[in-house]
Structure formats: structure tokens, C-alpha cells
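One structure is given below, encoded as C-alpha cells.
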Amino acid sequence: MLFIGSQSQAENIRRLGDQDQTKMTHSQLLDYSNNDDFPSSTLNSASTSIFKDIHKAIYLNVKDFGAVGDGLVDDTKSIQNLINTLIGSSVYNGVGSYGGGTIFLPKGTYLLSRPLELYSKINLIGEDETATNLLVSKAFVGDAIVLLQSIPNQPNHNQGCEIANIEFDSRGTAKLIAAVRVDSSVGVVNNLAINNIILATQYGFILDGYTQKLVIDKVYSHGSIEQIVKLVGNDNIIQNIDKEAATGNKTTEPYIHIKDASNLRLRDILIEGAGSLKKAYIKIISSNNIIIDDYWSEMNQSNGYILDVENSKNVVVRGEMSPTAPYRKIKIAKTMGIDFSFASSDGQNAPFLDMFDIDEVSLVSFDKIESRRGSDLYPLDKMPNITIKSHINSSLYSGDYRGFASKSMVNFQGGHNLLTNPSFEAGRFNWIFSGSLGAPDSQSFVPSEVAPGLMANFGWNTSGSTVIYQSYEVPANQVGRALTFSMLMKIVSGGSAFMWIRGAGLPTVNNMVGTSQGSGWQMFNQTIVPQAAGTLYLGFTFTNPGQIYLDEASLAFGTVGSRNTAKYVSMELGPQGGNTLTYGDQAPLSGTWKKADIMYNKLPIPGSYVGWVCTEAGTPGVWKGFGLISN
């Protein structure tokens with residue numbers, strides 16, 4: 001590295017030039033850097049030829065060339081003329097040669113009245129982001145502190161610049177000023193590095209042309225900022241962003257705005273501080289192959305999203321995302337393939353639609369979701385293209401109860417069903433009602449809205465409470481091993497419902513997890529660990545019910561439950577509302593059946609029937625044996 005400054009300047013400059021190039025003394029260089037041609041488009045040949053193709057070796061201290069850095073004297077001309085000196089454009093030789101170098105800003109506050117125009121291969125390096133400050137004056141003219149420019153031999157490009165170790169401060173003016181912006185004449189920015197920056201500006205880095213091979217690393221914002229990054233382009237990295245303090249409310253610009261991008265990585269992003277009425281935190285539009293690693297949001301706001309992804313594809317969100325109700329949702333629209341590794345409601349009692357705003361065409365996958373809410377969680381009739389691999393419910397009880405898992409995880413696929421009527425194909429066979437209301441005043445079994453088979457539609461006309469339950473005999477070898485009970489439910493009218501689990505040595509826990517009317521289809525689940533062999537009762541208690549729908553009950557081994565992959569003991573034939581086939585050891589004595597429903601005999605012996613057929617519909621209807629087995 002070659003230093004040009006107060007020590008041995010003439011000797012250093014002589015070392016820069018070839019033997020046949022014009023030599024330049026320190027006083028000549030100093031005179032040039034202080035000339036009145038600012039900014040200059042035509043540079044003196046004698047002052048620039050010595051800098052051709054040696055930008056990596058040149059390191060100029062601005063205080064050796066007229067800058068003061070006291071926050072009072074306008075340093076714009078001194079710094080800009082030094083930048084212009086390094087361009088080397090007038091010696092363009094037809095094959096792309098031009099100058100460059102590093103402008104060093106030691107500790108100090110450099111007052112600016114116009115943007116610094118930064119050209120290719122020129123670096124702007126401070127001593128330390130807490131010690132080197134570029135301060136906007138009250139009379140500042142422009143919309144950026146640093147403006148990335150092209151040069152004559154590459155009129156559409158800016159490439160190879162680095163900006164580092166600087167605080168950008170525009171708090172002295174009410175104008176909306178960016179720290180770094182691309183000039184409108186520059187279409188492509190290549191190999192730009194921005195490192196170790198403090199932002200006290202209304203905007204951070206507005207790179208809305210086409211940017212490639214960009215790295216933004218270690219940015220701390222502590223002012224009232226409107227936007228940190230706006231980026232268009234490919235193969236870029238944005239990482240270690242920390243937004244603190246106040247939030248701008250003058251615009252609706254998101255804090256990080258990615259558009260028409262591909263192969264982008266966002267990593268270690270922290271957005272916190274005061275809230276905004278207008279803003280999304282991160283917005284990704286018309287982009288693909290995007291990876292978001294470790295993004296954390298802690299702001300409160302009344303409108304907007306912590307993540308807004310639209311018209312994109314192949315987006316991966318790794319680490320924990322924490323959407324919370326009611327003001328910090330995640331929006332997904334027209335996006336073909338976005339995968340979340342872990343989403344958590346961050347301790348809030350948040351239903352799924354209070355955390356996510358997902359349209360009907362996007363394809364979304366969740367490896368794991370955690371919520372402190374078990375009721376109203378998943379509106380399954382509104383989630384046609386959403387896959388949730390597992391759910392952790394961490395809110396069922398305020399204390400620890402032996403035999404109940406306060407964090408239960410249910411996988412929506414797979415599992416072994418231990419119940420005898422998961423989808424109500426055979427009416428409410430094996431489901432029992434008890435309590436002040438008892439059985440419903442009306443019941444029907446209609447095609448399911450959320451799974452294959454039939455669902456139950458029950459209705460009551462009076463107030464009170466009732467329990468619908470089914471039993472499972474826990475064998476001795478199942479004691480101490482987990483079971484997971486789950487069911488789908490929709491309450492159209494009436495009061496509320498809560499999971500109801502008793503027996504097998506479990507303590508009595510009331511009001512476990514529930515829902516109320518108008519919530520749409522929900523999945524309920526609870527993991528229990530039987531403490532003794534014997535009968536385990538599983539179901540729901542209803543308070544002042546009106547009309548409810550039940551479907552897809554499941555009891556599965558372990559903490560992995562099942563929604564609709566059970567091995568049914570009955571099946572439905574024909575069109576919707578068709579006949580039911582099932583099996584048992586006798587004609588049904590309970591349940592509601594249709595004419596021509598069939599119960600096959602599971603214990604056939606000579607002299608008995610192959611099965612029984614319902615000849616008159618009812619509860620349980622009239623049944624006759626058929627297919628006498630010969631001796």
C-alpha cells in the first residue's frame with residue numbers, strides 16, 4: 001500500500017509514474033485537489049496519467065489535501081477534487097484502462113453541502129464508523145451523501161468500489177436524503193462493498209438500477225429511517241443489519257425492499273425500535289432463489305407486515321420467524337414455493353390467520369409452527385396449498401400436569417388411528433353424548449368439507465352443556481408412552497367447545513383448549529401420557545352449543561398425530577350421501593343409519609350371517625341378516 005500525504009510526498013509520487021510519464025510534485029497535486037473545477041468532467045492529463053491502473057496502490061488521506069473534518073468547514077470540494085484526481089479518465093487508452101484508489105477519512109466530522117460523486121475503483125474508507133462522520137449541512141443540495149457515478153469509458157457502469165467505516169448523518173436537514181444512491185445515468189453496479197456503517201439518515205442504500213456481486217455487511221441504524229436497503233439485481237448478500245431507535249412515518253417504503261432479484265441472501269437481520277403506521281419490514285417482489293437466514297423483528301406497528309413476499313418463487317426462510325397478532329403478520333401472495341423452517345407466535349395467543357395472510361394460489365410449507373393457542377389455529381378450509389409438517393402447542397395449561405404434554409407436536413400426515421369412527425361414515429357410531437343437553441336435537445352426516453368421507457353435523461336448540469366422547473382401552477404396555485388425540489371442528493353457531501380427556505390415571509383438567517363460533521375449521525390436538533392401564537375417554541365438552549361440525553378424529557401412538565390417513569373401519573359407496581359399509585359382531589344397536597347400509601359380520605361361523613342390512617332408516621333403524629352361512 002502506498003500512502004500519499006505529508007511525509008515524502010514527492011518521492012511517493014515519483015514512484016507512481018513510469019519513466020516516460022509526466023511526474024507531479026506534492027504541491028501540484030495539492031493545487032489540483034483545491035481547484036475550482038468541482039465536479040470536473042475533464043481532468044488535467046498531467047495530473048491523472050500517473051494514476052493509470054494503480055488504484056490499489058494509492059491511499060490518500062483527505063486531511064493532507066485540504067479537508068478539515070471539524071464539522072464547521074465545508075469539506076465537499078476538497079474530498080470531491082481528490083476523488084476526481086483518481087479517476088484518470090483523460091488517459092483512457094481504448095482498452096478500458098482508468099485510475100482509482102482509496103480515499104481515507106481519518107477521525108473527524110466532514111461537513112458536506114453536495115453529494116460526493118464516487119466513481120469506479122475508488123474506495124471511501126473511514127477510520128472507524130464511530131469516529132468518521134459525513135455530516136449533511138442545512139444548505140445541502142441533493143438526495144444522497146454519496147452518489148455512485150459512471151465514468152466516460154464505461155458510461156453505464158460503476159464497479160469495484162468500497163465504502164466502509166463511516167457514519168452517515170443527515171439529521172441536520174428535513175430533506176429525505178440517502179446515505180448511498182446510484183445516479184440515474186448508471187444502469188449497472190458491479191462488485192460494490194459496503195461495510196461497517198452507521199446510518200443516521202432518512203434512507204440507507206438505494207440501489208435500484210441493476211446490482212451484481214454486492215455485499216452489505218454490518219450496518220447499524222439509530223435514526224428515524226424510512227428505508228435501509230432498496231435493491232434490484234442478482235447474486236447479492238445483505239447481512240448483519242441492526243435497525244434500532246425511531247421509525248420513519250413519512251413514506252410507505254419497506255425497510256428492506258428487494259425487487260426483480262435472484263440468488264440473494266439476507267442474513268442476520270434485526271428490525272426493532274418504535275412502530276410505524278405504514279411500513280412492511282422486508283418486502284420481496286418478483287424475485288426468485290431468495291434465502292433469509294435468522295431474521296428477527298421486535299417492532300410494534302398498526303399496519304404492514306414483518307415479511308411481504310409477492311409474485312416470487314423458491315424462497316427459503318431459515319431460523320425463527322415470529323409473526324404475532326394483530327399487527328405483525330407475514331404476507332404471501334402469488335408465490336410458487338416458500339418454505340419456513342420455524343414460525344412462532346412469540347408467546348402470543350395467535351390464530352394462524354392473525355399471523356399469516358396467504359392467498360389461495362401460493363404454495364407454502366412450514367416445517368414447524370409453535371403457538372400458545374390451540375383453538376382457532378388452522379382454518380383448514382382456507383388453506384388449500386399450505387403444508388404444515390408439525391405443530392407445537394405450548395399453551396394448553398398454565399402449569400405442569402402429570403400425563404399431559406404442555407408442548408405437543410402433531411404431524412399432519414402419517415400415524416396410526418386407534419379410534420373406531422374417525423370420519424363419521426357410520427353416523428356417530430361409538431360416539432356418546434352425556435350432560436344436561438345429552439344428544440343433539442338434530443344430526444346429519446354429510447360429505448366432508450376438509451377430508452374424504454362424511455362429517456357429522458349436530459345441532460341443539462336449548463342452552464346447557466354436553467360432552468361427546470369416545471373411549472380407548474389403554475393396554476399395560478402403553479402406560480408411560482405418549483398418545484396424541486386430534487379432531488377437526490367447526491362451530492357455526494352457539495357457544496364454545498373445549499377438549500375433554502379423562503381416565504387412564506390422568507388428572508382432571510377443565511377448559512383445556514377450545515374454540516367458539518365463526519372460527520372456521522380448526523384442528524385440535526393434545527398429547528397425553530397414560531399413567532395407568534384402563535379406559536381413556538377422549539372428546540369435547542360444549543357450552544350452549546348451536547350447530548357444530550366434527551370430522552377426522554384420530555388417536556395416534558407417540559407425539560405424531562393423523563388428520564386423514566386412518567385405516568377406516570367403514571367406507572362410503574356411491575355419490576355424496578351414499579351408503580355406508582362397515583363391520584362388527586352384531587347388527588348395530590346405536591347410531592343413525594340409512595336404508596341399505598351394511599354391517600359385515602367380523603366373526604362369521606357356520607349358521608351365522610355374512611352380515612346385516614338396514615331395511616328401514618333410523619336410529620339405529622331396522623336391520624336384517626343376509627347371507628346365511630351353511631354348515
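Basis for what follows: all heavy atoms, side chains included, without hydrogens, waters or symmetry-related copies.
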Under 3.5 Å: donor-acceptor pair, side chain of Thr102, backbone of Tyr59: no
From CD1 (Ile79) to CG (Leu60), nearest 0.5 Å: 12.0 Å
Rounded distance (nearest 0.5 Å) linking atom CD1 of Ile284 with atom CD1 of Ile258: 6.5 Å
Heavy-atom closest pair, residues Lys63 and Pro106: CD-CG, 3.7 Å
4.5 Å side-chain heavy-atom contact, Ile291 and Leu264: no
Derivation and outcome, side chain to side chain donor-acceptor pair (under 3.5 Å), residues Asn288 and Asn314: CA-CA 6 Å; Asn288 63 85; Asn314 193 23; over 6 Å; no
Parallel, tilted or perpendicular: ring planes of Phe366 versus Phe356, cut at 30 and 60 degrees: perpendicular
Validation row: Leu135, Leu112 side chains within 4.5 angstrom (heavy atoms): no
Reported CD1-to-CG distance for the pair Ile338 and Leu363, which is rounded to 0.5 angstrom: 11.0 Å
Non-hydrogen atoms of Glu117 and Gln80 that approach each other most closely: N-OE1, 2.6 Å
Which donor-acceptor pairs under 3.5 Å do side chains of residues 161-170 form with protein atoms, sequence neighbours excluded?
from	atom 1	to	atom 2	distance (Å)
Glu162	OE2	Asn195	ND2	3.3
Asn165	OD1	Asn196	ND2	3.1
Asn165	ND2	Gly126	O	3.2
Glu167	OE1	Asn133	ND2	3.3
Glu167	OE2	His222	NE2	3.2
Asp169	OD1	Arg171	N	2.9
Asp169	OD1	Arg171	NE	3.1
Asp169	OD2	Arg171	NH2	3.0
Ser170	OG	Gln202	OE1	2.7

Pairing of Lys331 and Glu310 as salt bridge, 4.0 angstrom limit: yes
Short side-chain to backbone donor-acceptor contact, Thr85 and Ile83, under 3.5 Å: no
Distance-only donor-acceptor check, side chains Asn158 and Ser150, under 3.5 Å: no
Check against side chain to side chain contact (heavy atoms under 4.5 Å, CB included), Phe340 and Ile330: CA-CA 11 Å; Phe340 293 87; Ile330 291 175; 4.0 Å; yes
Side-chain donor-acceptor pair present, Ser286, Asn311, cut-off under 3.5 Å: yes
Residues which pass side chain to side chain contact (heavy atoms under 4.5 Å, CB included) with Asn191, listed by chain and number, not counting sequence neighbours: Lys213
From CA spacing to verdict: side chain to side chain contact (heavy atoms under 4.5 Å, CB included), Leu72, Leu111: CA-CA 6 Å; Leu72 301 174; Leu111 190 66; 5.8 Å; no
Test side chain to side chain contact (heavy atoms under 4.5 Å, CB included) applied to Asn190 and His157, step by step: CA-CA 8 Å; Asn190 289 323; His157 289 71; 3.8 Å; yes
Whether Ser297 side chain and Ile271 backbone form a donor-acceptor pair below 3.5 Å: no
Test item: Asn123 side-chain N/O and Ile125 main-chain N/O as donor-acceptor pair under 3.5 Å: no
Any donor-acceptor pair under 3.5 Å from Asn84 side chain to Ile87 backbone: no
Cation-pi geometry met for Lys175 and Phe140 (6.0 Å, 45°): no
Distance, nearest 0.5 Å, that separates CG of Asp183 from CG of Leu147: 4.5 Å
Note, Ile177 side chain near Ile145 side chain (heavy atom, < 4.5 Å): yes
Residue pair Ser262 / Ile290: nearest heavy atoms and the distance that separates them: CA-CD1, 4.4 Å
Side-chain donor/acceptor of Lys243 to backbone N/O of Glu272, under 3.5 Å: yes
Under 3.5 Å: donor-acceptor pair, side chain of Ser312, backbone of Ser287: yes
Side-chain donor-acceptor pair present, Asp359, Ser362, cut-off under 3.5 Å: yes
Test item: Phe342 and Val317 side chains (from C-beta on) under 4.5 Å apart, heavy atoms: no
More than 12 heavy atoms from other groups under 6.0 Å of NZ on Lys334: no
From CA spacing to verdict: side chain to side chain donor-acceptor pair (under 3.5 Å), Asp235, Asn263: CA-CA 5 Å; Asp235 300 313; Asn263 301 325; 3.3 Å; yes
Sidechain-backbone polar pair: Asn385 side chain, Glu360 backbone, donor-acceptor under 3.5 Å: yes
Side chain Tyr295, main chain Ile306, donor-acceptor under 3.5 Å: yes
OH on Tyr220 to CD1 on Ile198, rounded to 0.5 Å: 8.0 Å
Donor-acceptor contact below 3.5 Å, side chain Thr132 vs main chain Leu105: yes
Heavy-atom pair with the smallest gap, counting every atom of Asn156 and Ser185: OD1-O, 3.5 Å
Residue that, paired with Gln227, satisfies side chain to side chain contact (heavy atoms under 4.5 Å, CB included) out of Thr252, Ile206, Leu176, Thr201: Ile206
Test item: side-chain donor near acceptor, Ser341 and Asp367, under 3.5 Å: no
Taking every non-hydrogen atom, the tightest pair across Val186 and Leu148: CG2-O, 3.6 Å
Side-chain touch Ile241/Ile269, heavy atoms, less than 4.5 angstrom: yes
Asp339 side chain reached by Val315 side chain, heavy atoms, under 4.5 Å: no
Residue among Asp293, Ile216, Asn236, Ile282 satisfying side chain to side chain contact (heavy atoms under 4.5 Å, CB included) with Leu266: Ile282
Residues Lys368 and Ser344: side-chain donor-acceptor under 3.5 angstrom: no
Basic-acidic side-chain contact under 4.0 Å: Asp143, Arg181: yes
With sequence neighbours excluded, residues passing ring pair (Phe, Tyr, Trp, His ring centres under 6.0 Å) with Tyr210: none
Min side-chain heavy-atom separation Lys329-Pro323 under 4.5 Å: no
Pair Glu226-Thr251, side-chain donor/acceptor within less than 3.5 Å: yes
Close side-chain approach of Ile122 and Ile103, heavy atoms under 4.5 Å: yes
Nearest heavy-atom neighbours spanning Glu253 and Lys230: OE2-NZ, 4.4 Å
Gap between atom OH of Tyr281 and atom OH of Tyr255 - 0.5 Å precision: 6.5 Å
